[in-house]
Amino acid sequence: MTLTSAHLGSPSAWTDARLLYALEEVVEQELNRHLKVAKDWMPHEYVPWTDGRNFPGFFEDGEAWEKGQSKVTEIGRIALVVNLLTEDNLPSYHHEIASLFGRDGAWGTWVHRWTAEEGRHGIVMRDYLLASRAVDPDQLEQFRMAHMSEGFESDNRHSMLHSVAYVAFQELATRISHRNTGHQSGDPVCDRMLARIATDENLHMVFYRNLLKAAFDLAPDLTMQAVRDVVVNFRMPGHGMPGFERAAAQMAIGEVYNLRIHHDDVIQPVLRHLKVLEIDGLGPEGVKAQEELGLYMGGLDAEAAKFDEKLAARKARMAARAAG
């Protein structure tokens, strides 16, 4: 793939429409690769249905939810709600990427396939939570209504390149959050379910990461600027849900998702795989964005180190209290 062509014009003339057209062949290749490696799975096979029983309402034998019925840990309950509410906004995510990427050709096929696969995640998580009585079902539904009623608009909806860069990191962040939630949940059934979801998220990350690499080949300066903007301003898609800040703080302490995980397991692996900080031949704006990205990563690592120290001190205090 060349940087310029007769019908696409110079790099300075790149628009979303031209980039979409130029990347169509790569999308088709990545879609075919994805369909070969992705495995269909049945959400209902991961749900402990025999644990289920009626809730109050229309059933005379309905049993109200109590915290003691849950098999998952406190941090598990918090993270599961955040993760499911994030998945619940799939209609908004679909609308956004369908508007940006289109509904035709390879782009459209990918948009619909991605949506179908993501739909399984919300299905299996909600079924698990209700059948196992892992969380308060009334509160979960109240949160869902509040979150979805607000709607969702991505910080990167203004640009196709920014959106591709964002999802390359966000899909990996979601995978890590699901995996760590499973590990911290205390329930092997939950862990197995979230491992299955995380496998999907990883394949989605690979798709977008490879697309981002192709964008670097086509328009390196613009792509570098997009990656810088996305990394520096990164927010998880669930940031607008009720009580997100408090839940995020608890998930950070519970080592589900925090600054160290964000730096080491999400941002750094994508940058390293694409060798983003080693790309040469950039124009002035690309070099500036690359330098700013490098400086930001250094600062993020320093902030993560401070968080590590605070977390270690907190663990030491808790251990001392337990021993005393």
Side-chain angles (χ1 to χ4, degrees), residues 41-90 118-150 174 176-198 236-258 311 314-315 317-319 321-324:
W41 55 280
M42 301 298 131
H44 54 268
E45 294 179 357
Y46 288 80
V47 178
W49 297 107
T50 54
D51 291 350
R53 51 200 186 275
N54 292 336
F55 289 101
F58 294 103
F59 297 100
E60 294 182 1
D61 62 344
E63 181 181 352
W65 183 84
E66 295 178 4
K67 187 180 290 188
Q69 298 166 355
S70 177
K71 295 179 181 179
V72 301
T73 60
E74 179 69 20
I75 187 60
R77 284 193 294 275
I78 293 167
L80 280 164
V81 170
V82 170
N83 290 355
L84 177 54
L85 290 179
T86 301
E87 300 286 356
D88 274 336
N89 252 335
L90 181 60
E118 287 286 343
R120 288 183 178 138
H121 303 168
I123 290 169
V124 71
M125 288 181 69
R126 176 166 282 99
D127 286 348
Y128 164 80
L129 294 182
L130 295 180
S132 68
R133 292 185 171 241
V135 301
D136 183 343
D138 291 348
Q139 185 183 67
L140 181 66
E141 178 60 12
Q142 290 160 5
F143 282 171
R144 187 191 70 82
M145 285 296 296
H147 186 40
M148 292 192 70
S149 295
E150 285 293 317
T174 304
I176 295 296
S177 181
H178 282 312
R179 278 311 278 128
N180 288 342
T181 298
H183 293 328
Q184 301 288 351
S185 70
D187 180 10
V189 175
C190 179
D191 192 23
R192 184 168 59 245
M193 172 195 65
L194 291 176
R196 177 58 261 187
I197 292 175
M236 292 293 272
H239 59 79
M241 68 182 59
F244 178 77
E245 289 76 12
R246 176 174 170 76
Q250 292 169 307
M251 289 168 69
I253 293 170
E255 297 180 89
V256 171
Y257 200 95
N258 55 39
L311 185 60
R314 185 178 187 277
K315 287 181 177 178
R317 289 195 301 270
M318 292 180 68
R321 285 197 202 117

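None of the values given here were measured: they were computed from a predicted structure. All heavy atoms count here, side chains included; hydrogens, waters and symmetry mates do not. Count residues from 1 along the sequence.
Salt bridge Lys315/Glu255: present, at least one basic N to carboxylate O contact under 4.0 Å. A salt bridge between Arg126 and Asp88 is present, with a side-chain N of the basic residue lying under 4.0 Å from a carboxylate O of the acidic one.
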Go through it in stages, so that I can follow the logic: the residues are Asp136 and Glu66, the test is side-chain contact (heavy atoms from CB on, under 4.5 Å), and I'd like the CA-CA distance, side-chain angles, deciding distance and then a yes or no. CA-CA 7 Å; Asp136 183 343; Glu66 295 178 4; over 6 Å; no
Could you go through the side-chain contact (heavy atoms from CB on, under 4.5 Å) check for Ser185 and Leu194 one step at a time? CA-CA 10 Å; Ser185 70; Leu194 291 176; 5.7 Å; no
Could you go through Val256 and Ser177, starting from their C-alpha distance and side-chain angles, then the distance that decides it, and tell me whether this counts as side-chain contact (heavy atoms from CB on, under 4.5 Å)? CA-CA 6 Å; Val256 171; Ser177 181; 4.1 Å; yes
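Put simply, CD1 on Ile75 and CD1 on Ile253 are 8.5 Å apart, with the number rounded to the nearest 0.5 Å. Here the straight-line distance linking atom CZ of Arg314 with atom CZ of Arg317 works out to 7.5 Å at 0.5 Å rounding. Once rounded to the nearest 0.5 Å, the distance linking CG of Leu80 with CE of Met193 reads 6.0 Å. Annotation: the span from Asn89 atom CG to Met148 atom CE amounts to 5.5 Å, rounded to 0.5 Å.
Proximity of a side-chain donor or acceptor of Trp49 to a complementary backbone N or O of Ala131 within less than 3.5 Å is not detected. No donor-acceptor pair under 3.5 Å is formed between the side chain of Asn54 and the backbone N or O of Gly62. In this structure a side-chain-to-backbone donor-acceptor pair under 3.5 Å is missing from Glu150 to His147.
With contacts defined as side-chain heavy-atom distances shorter than 4.5 Å, the pair His178/Thr174 qualifies. Side chains of Thr86 and Met236 form no contact here, defined as non-hydrogen atoms less than 4.5 Å apart. Looking only at side-chain heavy atoms (C-beta outward), Trp41 and Val124 come within less than 4.5 Å of each other. At a threshold of 4.5 Å between non-hydrogen side-chain atoms, the residues Phe143 and Met241 do not count as touching. Within the 4.5 Å cutoff, side-chain heavy atoms of Arg77 are placed close to those of Lys67. Side-chain contact check for Gln184 versus Ile78: every heavy-atom pair is 4.5 Å or farther apart. Within the 4.5 Å cutoff, no side-chain heavy atoms of Met251 are placed close to those of Asn258. Side-chain contact between Tyr128 and Val189: present, with at least one pair of heavy atoms (C-beta onward) separated by less than 4.5 Å.
Across all their heavy atoms, Ala79 and Thr181 have their closest contact at CB-OG1, 3.4 Å. The two residues Ala195 and Arg179 make their nearest non-hydrogen contact at CB-NH1, 3.5 Å. The two residues Arg133 and Trp65 have their closest heavy-atom pair at O-NE1, 2.9 Å.
The salt bridge (Lys or Arg N to Asp or Glu O under 4.0 Å) check on Asp138 picks up nothing, with sequence neighbours excluded.
Heavy atoms of other residues, nucleotides or ligands lying less than 6.0 angstrom from CZ of Arg53 number more than 12. When the shell of 6.0 Å around CD of Glu63 is examined, it contains more than 12 heavy atoms from other residues, nucleotides or ligands.
Residue Lys71 forms a salt bridge (charged side-chain N to carboxylate O under 4.0 Å, His left out) with just one option from Asp51, Asp191, Asp187, and that option is Asp51.
Looking at Asp127 and His44, their side chains never bring a donor and an acceptor atom within 3.5 Å of each other.
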